[in-house]
Amino acid sequence: MIGGGESLTQTPTIHNAAKCGEIARTVLMPGDPLRAKYIAEKFLTEPELISDVRNIYCYTGRYQGKEVSVMASGMGAGSMSIYSYELFHFYNVDSIIRVGSAGGLHPSLHLRDIVIAIASSTDNGYAAHFELPGTLAPCADYSLIEKAVAYAKKHDIPVRVGPVISGEGFYYSDEWLDKWTKMGMLAAEMESAALYMNAAEAGKKAVALCTISDLMFNGKSCSTKERQESFDEMLQMALSMVE
């Protein structure tokens, strides 16, 4: 982990070409760079591409008059740990809202439900970097959860608030999934634990909103059209949370 950061606050990092001040205080983070492009072009006014290092697109524009940035995180804890750390420490970002997909684990879930990850268990070793005398329980910021739930109630959008498992890998056995399901995990994804750890260390805010695109317990999945429409609902929820 990079320490300090003072020498980088006015110059680009090696992963981000944006200058300090070009990224808004709230950032939406999908995993896919092309989804970052989609969000910027569909929802933001006057979006400007301010970084495309390694094809990880970062845009800044406005939504309903409020400045907001959209930046891809890439896939997995390793990638999320780099980009969210730099946003919090080198670009003065206050809040990161992850907007992604997840595989539904709990049998009460339906396709296109939105899961708000209140806590994120994980099998990755990222917490070892912090050298804590115990086990960290990475959690979301409650004020962001409140905003998401309020929006969902107002617009009659089905959401579930609960814990998720943030896996280091992508392909797991049914036994692995069953064990986490029995521990109450609603869904499985790959980035929220690293995001929450970085937010906690930096004293910043983070939350992960995940649309259920697949049901791990019966093999059902959303079509391309359903994924697009479902993601838009989640994206509008996230954008409503921008201060």
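From a predicted model like this one, the values you see are computed outputs, not experimental measurements.
- The distance from atom CG of Leu44 to atom CD of Gln64, rounded to the nearest 0.5 Å, is 11.0 Å.
- The shortest non-hydrogen separation linking Ala102 to Cys210 is CB-CB, 3.7 Å.
- Looking at Ser120, Ser81, Ser73 one by one, the single match for side-chain contact (heavy atoms from CB on, under 4.5 Å) with Glu191 turns out to be Ser73.
- Atom CZ of Phe231 is separated from atom CG of Leu209 by 11.0 Å, given to the nearest 0.5 angstrom.
- Sequence neighbours left out, the pairs with a member in residues 112-128 that pass salt bridge (Lys or Arg N to Asp or Glu O under 4.0 Å) are Arg112-Glu226.
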Please evaluate residues Asp32 and Tyr38 with respect to the criterion side-chain contact (heavy atoms from CB on, under 4.5 Å), reporting the C-alpha separation (whole Å), side-chain torsions for both, the decisive distance (0.1 Å), and the verdict. CA-CA 10 Å; Asp32 185 355; Tyr38 169 83; over 6 Å; no
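- Residues Ser143 and Lys205 meet the side-chain proximity criterion, which asks for heavy atoms closer than 4.5 Å.
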From CA spacing to verdict: salt bridge (Lys or Arg N to Asp or Glu O under 4.0 Å), Lys204, Asp141: CA-CA 8 Å; Lys204 302 296 183 73; Asp141 177 79; over 6 Å; no
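- Rounded to the nearest 0.5 angstrom, Ile50 CD1 and Tyr91 OH are separated by 8.0 Å.
- Ring planes of Tyr172 and Trp176: parallel class, angle under 30° (limits at 30 and 60°).
- Residues Leu144 and Leu239 fall within the same hydrophobic cluster, defined by Ile, Leu, Val, Met, Phe, Trp and Tyr side chains chained together at heavy-atom separations under 4.5 Å.
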Decide side-chain contact (heavy atoms from CB on, under 4.5 Å) for Met237 and Lys147; before the verdict, give the C-alpha distance in whole Å, the side-chain angles of both, and the deciding distance to 0.1 Å. CA-CA 9 Å; Met237 175 186 293; Lys147 290 181 180 180; over 6 Å; no
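- Once rounded to the nearest 0.5 Å, the distance linking CD1 of Ile145 with CE of Met241 reads 8.5 Å.
- Under the 4.5 Å side-chain heavy-atom criterion for grouping Ile, Leu, Val, Met, Phe, Trp and Tyr, Ile97 is connected to Val149 within one hydrophobic cluster.
- When all heavy atoms of Asn124 and Ala77 are compared, the pair lying nearest together is ND2-CB, 3.5 Å.
- The side-chain heavy atoms of Pro158 and His110, taken from C-beta on, include no pair separated by under 4.5 Å.
- Of all non-hydrogen atoms in Asp52 and Tyr57, the two that sit nearest each other are CB-CD2, 3.7 Å.
- Hydrophobic clustering keeps Met190 apart from Met197 (ILVMFWY residues linked when any side-chain heavy atoms are closer than 4.5 Å, directly or through intermediates).
- The minimum heavy-atom distance linking Cys20 with Phe90 is given by the pair SG-O, 4.1 Å.
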Working for side-chain contact (heavy atoms from CB on, under 4.5 Å), residues Leu87 and Met29: CA-CA 11 Å; Leu87 290 175; Met29 290 199 88; 3.9 Å; yes
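- The salt bridge (Lys or Arg N to Asp or Glu O under 4.0 Å) analysis of residues 54-78, with sequence neighbours excluded, yields no pairs.
- Under a hydrophobic-cluster definition in which Ile, Leu, Val, Met, Phe, Trp and Tyr are linked whenever side-chain heavy atoms come within less than 4.5 Å, directly or via other members, Ile114 and Phe43 are assigned to the same cluster.
- The two atoms that bring Phe88 and Ala202 nearest to each other are CB-CB, 3.9 Å, heavy atoms only.
- The shortest side-chain heavy-atom distance between Lys42 and Asp232 falls under the 4.5 Å cut-off.
- Placement of Leu49 and Val27 in two distinct hydrophobic clusters is found when ILVMFWY residues are connected by side-chain heavy-atom separations under 4.5 Å, directly or transitively.
- Judged by distance alone, the side chain of Thr60 and the main-chain N or O of Glu22 form a donor-acceptor pair under 3.5 Å.
- Through direct or indirect side-chain contacts shorter than 4.5 Å among Ile, Leu, Val, Met, Phe, Trp and Tyr, Leu109 is connected to Leu111, Val115, Val164, Leu186, Ile212, Leu215, Phe217.
- Considering all non-hydrogen atoms of both residues, Gly184 and Pro163 come closest at O-CG, 3.4 Å.
- Asn198 and Tyr83 share no donor-acceptor pair across their side chains, judged by distance under 3.5 Å alone.
- Counting only heavy atoms from C-beta outward, the side chains of Tyr126 and Glu168 never approach each other to under 4.5 Å.
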side-chain contact (heavy atoms from CB on, under 4.5 Å) between Met71 and Ile56, intermediate numbers included: CA-CA 7 Å; Met71 183 177 183; Ile56 294 292; 4.0 Å; yes
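- Remark: Leu195 CG to Glu189 CD distance equals 9.0 Å, nearest 0.5 Å.
- Thr13 contributes a side-chain N or O that, together with a main-chain N or O of His15, makes up a donor-acceptor pair within less than 3.5 Å.
- Side chains of Tyr85 and Glu201 form a contact here, defined as non-hydrogen atoms less than 4.5 Å apart.
- In this structure, the side chain of His106 engages the main chain of Ser108 through a donor-acceptor pair within 3.5 Å.
- Side-chain atoms of Thr26 and Val93, non-hydrogen and from C-beta on, never get closer than 4.5 Å to each other.
- Side-chain atoms of Ser192 do not come within 3.5 Å of backbone N or O of Ser166 as any donor-acceptor pair.
- A heavy-atom distance below 4.5 Å is not found between the side chains of Met185 and Leu177.
- Proximity of a side-chain donor or acceptor of Asn218 to a complementary backbone N or O of Lys220 within less than 3.5 Å is detected.
- Put simply, the side chain of Tyr59 does not reach to within 4.5 Å of the side chain of Ser69, judged on heavy atoms.
- The main-chain N or O of Ala137 is never found under 3.5 Å from a side-chain atom of Tyr196 such that the two would form a donor-acceptor pair.
- One distance of note links SG of Cys58 with NZ of Lys37; it measures 15.0 Å at 0.5 Å rounding.
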